[in-house]
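First the structure, in the form of structure tokens, and then the observations on it.
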Amino acid sequence: MSTTVAVVGAGMSGLIAARSLHRRGIDVLVLESADRPGGRMMAETSPLGSRVDLGGQWVGHGHHRFTALADELGTTLFAMRTPKLPDIVQGSRRVPVLGPTMLTTGAVLLMWELRSRLGAPGRWDAQTVEARLGKVPGRQARRLLEVLVEVSTTADLDRYSMRDFAGMVRFQGGLTAMMSTKGGAQEGLIAEGAGTLPERLAAELGPRVLTGRRVTSIQRGEDGVTLRTAAGAVRTAKVIVSVPPPMSARISHDPPLPADRTALEQGTYMGSVYKAIAVYERPFWRDQREHAEFMLLDDPGVAVFDTTPPDGPGHLCFLVAGAEARALDGREPADRRQALLGPLVPHLGTGVLQPVSWHEKSWHLDEHVGGGYAALPLPGSGNGRLPVPSGPVGDIHWAGTETASEHAGYIEGAIEAGERAAREVIESLPSSAAAKREPSQDGTA
Ligand SMILES: Cc1cc2nc3c(=O)[nH]c(=O)nc-3n(C[C@H](O)[C@H](O)[C@H](O)COP(=O)(O)OP(=O)(O)OC[C@H]3O[C@@H](n4cnc5c(N)ncnc54)[C@H](O)[C@@H]3O)c2cc1C
């Protein structure tokens with residue numbers, strides 16, 4: 001097969017890049033390793049007809065590209081129903097808002113926030129988050145901080161340096177922005193499921209998206225590039241690789257990539273995250289209480305959100321991250337579900353144990369995606385802080401959320417990076433190949 005531009009990966013970033021090129025009348029093929037488009041975004045339909053997002057779903061405050069795309073693709077944005085603070089609970093007891101655990105946790109978070117802005121101390125280079133947490137007074141405060149960092153980053157805390165964590169906090173605009181619902185990264189939701197967006201983008205691109213085509217090697221030559229997949233080779237003038245660095249490390253290159261790109265691929269890893277959604281006939285908990293947002297400090301540590309769509313059935317969303325997510329993998333499905341729903345009984349009643357359906361996914365077990373939410377730097381590697389470099393290597397251009405200048409790691413970043421990579425390619429193609437004219441909405445030349 002041959003094309004003008006080959007895009008590796010049909011996640012949000014690759015699809016946006018491909019759509020931009022297609023709308024300019026440029027020949028494009030998207031090669032996707034999995035049997036579905038979407039990558040870290042994926043929605044399925046519950047037996048009650050509602051759409052549940054197993055991957056990326058929240059539209060953050062100021063995520064204007066994501067908001068505009070949701071609107072353009074005919075989906076409905078709605079605000080999260082959320083309290084000022086979630087209920088932080090251990091066993092049947094709620095941690096008091098003005099007690100020692102919350103005061104210590106607040107003080108530590110404030111100190112981390114200030115350090116991330118003013119400059120992290122030198123010792124944070126070699127100190128992991130786990131080691132730093134060991135110095136926090138109070139077992140419950142340590143546990144709360146552990147769960148907060150895990151759920152907001154998906155990192156293994158013994159494989160995440162304080163320096164890299166501080167860098168992430170600074171880049172994302174502070175801890176409040178990262179961890180908050182209203183005004184933060186978890187502000188809004190899409191009623192039809194965020195995973196519907198890549199499905200609709202792929203439908204627009206039609207036969208240009210080829211699933212089940214894992215790219216195993218990229219050969220750059222004088223007269224173009226050859227990509228190899230198990231289903232055959234693709235000849236192309238330009239390539240956009242939209243795969244996160246730890247996963248693109250599995251693609252071999254001839255000639256080899258420059259040392260800094262190889263170091264980036266080898267100095268990063270994908271976070272571990274398990275996500276589940278319980279679907280109920282209706283959000284019965286709203287009869288008794290204003291909200292159902294929790295941080296559960298038992299084993300596993302879980303963040304719980306009420307993601308019920310407007311007029312829809314009740315949805316409760318569960319996130320477990322880091323090493324605690326992998327610890328769930330060995331459990332029987334029924335046992336895993338009980339481990340997540342059981343701790344809510346003292347707070348929401350026994351009705352919580354009887355969802356109509358249960359939807360779950362361990363992203364770190366997905367051989368194509370590798371994990372989430374984003375690639376993380378290995379401690380001491382000096383690589384992988386967001387945004388990761390995206391300078392082209394010959395005819396290879398780099399997309400993927402990790403390369404975005406703003407909101408890297410989020411869907412917003414994936415869109416920005418896809419648009420930027422498409423622009424780069426358009427500028428670098430000879431004008432005979434790139435019809436450099438105003439984009440058409442349907443891709444007709
Ligand atoms: C559980 C979870 C929850 C999240 N929650 C949110 C959220 O609420 N809000 C938010 O904004 N973001 C969230 N994110 C992050 C968000 O989903 C990602 O930032 C975004 O989807 C990344 O898109 P991408 O296109 O850059 O990468 P990906 O989606 O990873 O796309 C890369 C694609 O490349 C394919 N691929 C890999 N290797 C190859 C190969 N060799 N050949 C061909 N194809 C290959 C993969 O299968 C994948 O489809 C979440 C992520 C996860 C996992």
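Index from 1, following the sequence. Counting starts at 1 for both ligands and their atoms, following the listed order.
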Next on the checklist: Contact between ligand 1 and A194 is defined here as a heavy atom of the residue under 4.0 Å from a ligand atom; is it met?
Outcome noted: no
Checklist entry - Do ligand 1 and M12 have nitrogen or oxygen atoms that lie under 3.5 Å from each other? => result yes
Next on the checklist: For R261, is there an ion pair with E265 - N to carboxylate O distance below 4.0 angstrom?
Outcome noted: yes
Checklist entry - With a cut-off of 4.0 Å, which atoms of ligand 1 are near a heavy atom of G11? => result 25 (O), 29 (O), 31 (O), 33 (C), 49 (O)
Item to check | I411 N/O to ligand 1 N/O under 3.5 Å | outcome: yes
Checklist entry - Taking NZ, NE, NH1 and NH2 as the nitrogens, is one of them in D87 or R289 under 4.0 Å from a carboxylate oxygen of the other? => result yes
Next on the checklist: How far is atom 40 (C) of ligand 1 from the closest protein heavy atom, and which atom is that?
Outcome noted: V215 N, 3.7 Å
Item to check | Nearest non-hydrogen protein atom, atom 8 (O) of ligand 1 | outcome: W58 N, 2.7 Å
Item to check | Salt-bridge contact D366-K361 (side-chain N to carboxylate O under 4.0 Å) | outcome: yes
Checklist entry - Which residues pass the ring-ring contact (aromatic ring centres under 6.0 Å, His included) test with H407, sequence neighbours left out? => result H63
Checklist entry - Under 4.0 Å from any heavy atom of G39, which atoms of ligand 1 are there? => result 29 (O), 48 (C), 49 (O)
Next on the checklist: For atom 46 (C) of ligand 1, what's the nearest protein heavy-atom neighbour? Residue, atom name and distance, please.
Outcome noted: E32 OE2, 3.5 Å
Checklist entry - Who gets closest to atom 39 (C) of ligand 1 by heavy atom: A408, A10, S33? => result S33
Item to check | Passing option when E419 is tested against R65, R23, R19 for salt bridge (Lys or Arg N to Asp or Glu O under 4.0 Å) | outcome: R65
Item to check | Selection from P244, G56, G14 by shortest heavy-atom distance to atom 6 (C) of ligand 1 | outcome: G56
Checklist entry - Quick one: which ligand 1 atoms are inside 4.0 Å of a heavy atom on I251? => result 41 (N)
Checklist entry - Can K84 and E290 be counted as an ion pair, charged N to O under 4.0 angstrom? => result no
Checklist entry - Side chains of R214 and T229: is there a donor and an acceptor less than 3.5 Å apart? => result no
Checklist entry - Which atoms from ligand 1 have a heavy atom of G400 less than 4.0 Å away? => result 26 (O)
Next on the checklist: Counting non-hydrogen protein atoms only, what is the nearest one to atom 38 (N) of ligand 1? Give residue, atom name and distance.
Outcome noted: V243 CG1, 3.6 Å
Checklist entry - Which residue supplies the protein heavy atom nearest to atom 32 (C) of ligand 1, what is that atom called, and how far is it? => result S242 O, 3.8 Å
Next on the checklist: Regarding R420 and E424, does a basic nitrogen lie under 4.0 Å from an acidic carboxylate oxygen?
Outcome noted: yes
Checklist entry - If hydrogens are left out, which of S248, G409, G9 has an atom nearest to atom 15 (C) of ligand 1, that is, the closest non-hydrogen atom? => result G409
Checklist entry - Given R213, H368, H364, M247, which one has a non-hydrogen atom that is nearest to atom 37 (C) of ligand 1? => result H368
Checklist entry - With a 4.0 Å cut-off on heavy atoms, is A374 touching ligand 1? => result no
Item to check | Parallel, tilted or perpendicular: ring planes of W285 versus Y280, cut at 30 and 60 degrees | outcome: perpendicular
Checklist entry - Quick one: does ligand 1 sit under 4.0 Å from the side chain of L31, the backbone, both or neither, non-hydrogen atoms only? => result backbone
Checklist outcome for this item: When rounded to the nearest 0.5 Å, the distance separating OG1 of T401 from CD1 of I411 is 8.5 Å
Checklist entry - Any side-chain donor paired with an acceptor under 3.5 Å for T75 and E192? => result no
Checklist outcome for this item: Looking only at protein heavy atoms, what sits closest to atom 29 (O) of ligand 1 is R40 N, 2.8 Å
Checklist entry - Nearest protein heavy-atom contact for atom 52 (C) of ligand 1: which residue, which atom, what distance? => result Y373 CD2, 3.7 Å
Checklist outcome for this item: Quick look: W363 vs ligand 1, heavy-atom contacts under 4.0 Å, and the answer is side chain
Checklist entry - Would you call R40-E402 a salt bridge at under 4.0 Å N-O? => result yes
Checklist entry - Is the shortest distance from a Lys or Arg side-chain nitrogen in R143 or E324 to a carboxylate oxygen in the other one below 4.0 Å? => result yes
Checklist outcome for this item: Counting from 1 in the order shown, the ligand 1 atoms closer than 4.0 Å to a non-hydrogen atom of G38 are 29 (O)
Next on the checklist: Can you report which non-hydrogen protein atom sits closest to atom 26 (O) of ligand 1, along with the distance?
Outcome noted: T401 N, 2.8 Å
Next on the checklist: Distance under 4.0 Å to a non-hydrogen atom of A414: what atoms of ligand 1 satisfy this?
Outcome noted: 23 (O), 26 (O)
Item to check | Salt bridge flag under 4.0 Å for residues E113 and R117 | outcome: yes
